[in-house]
**Q** 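Below you'll find the structure I mean.
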Amino acid sequence: MSQSPYNRWQFDLAYGCFTFCGLVALLIGLFTFMPFGFGAAGGFGYLLLIPLTAMSFGAMLLGLIMAARLFRHWPLALLALASLLLVAEIVTEFGSVLLFNLAPLIYGTLACGFGGAWFFALRKRHPAG
């Protein structure tokens with residue numbers, strides 16, 4: 001087994017950032033399908049979703065930087081690509097309304113799946129460096 005020039009904490013940071021983004025995306029995706037009244041939805045959005053979304057974009061930027069540093073690790077490259085596609089979908093609103101509403105759920109499932117696989121299974125096989 002060859003030693004990686006990177007420490008495990010760098011992979012942990014990258015996967016942690018994408019997992020956090022995935023959890024926030026899942027929360028936003030589920031929120032779009034919940035039948036809230038106008039007052040409850042506005043209060044929930046302002047008090048919880050707006051700050052979480054801002055933190056998520058910061059975590060996504062850090063995750064993209066770490067994925068660029070660890071570009072040989074293909075799951076991180078896939079997560080970076082999925083993150084960029086999600087942002088492009090949000091900004092351009094390309095496609096149908098259903099795609100726009102499902103995009104956070106798809107991204108969140110992918111990001112949480114890869115993050116969970118890293119932290120619960122793959123991390124043990126990676127050298128600590």
**Q** Should Phe119 and Phe11 be regarded as members of a common hydrophobic cluster, given that ILVMFWY residues are connected when their side-chain heavy atoms come within less than 4.5 Å of each other, either directly or indirectly?
**A** yes
**Q** State, yes or no, whether a side-chain contact exists between Leu23 and Cys112 at a heavy-atom distance under 4.5 Å.
**A** yes
**Q** In chain order, what residues pass the side chain to side chain donor-acceptor pair (under 3.5 Å) check against Asp12, with sequence neighbours excluded?
**A** Trp118, Arg123
**Q** Glu93 and Phe100: which non-hydrogen atoms are nearest, and at how many Å?
**A** CG-CE1, 3.7 Å
**Q** Leu98 and Leu26: same hydrophobic cluster, using ILVMFWY side-chain contacts below 4.5 Å?
**A** yes
**Q** Just how far is it from atom CD of Glu89 to atom CG of Asn101, taken to the nearest 0.5 Å?
**A** 9.5 Å
**Q** Compare every heavy atom of Leu76 with every heavy atom of Ala14, then report the nearest pair and how far apart it is.
**A** CB-CD2, 3.8 Å
**Q** Give the minimum heavy-atom separation between Thr19 and Gly115, together with the two atoms involved.
**A** OG1-CA, 3.2 Å
**Q** Cut-off 3.5 Å, no hydrogens considered: what does the side-chain donor-acceptor table look like for residues 47-74, sequence neighbours left out?
**A**
unit_1, atom_1, unit_2, atom_2, d
Thr53, OG1, Leu49, O, 2.6
His73, NE2, Tyr15, OH, 2.8

**Q** Please answer: with hydrophobic residues joined when any side-chain heavy atoms are less than 4.5 Å apart, are Phe20 and Phe120 in the same cluster?
**A** no
**Q** Is it true that Ile106 and Phe94 fall in one hydrophobic cluster, defined by side-chain heavy atoms closer than 4.5 Å?
**A** no
**Q** Do Val24 and Ile28 touch side chain to side chain, with heavy atoms closer than 4.5 Å?
**A** yes
**Q** Can you measure from CG (Leu110) to CG (Leu105) and round to the nearest 0.5 angstrom?
**A** 12.5 Å
**Q** Would you say Val87 ends up clustered with Leu79 if hydrophobic residues are merged whenever their side chains have heavy atoms under 4.5 Å apart, either directly or through other cluster members?
**A** yes
**Q** Please give me the minimum heavy-atom distance between Cys21 and Tyr107, naming the atom from each residue.
**A** CB-OH, 3.7 Å
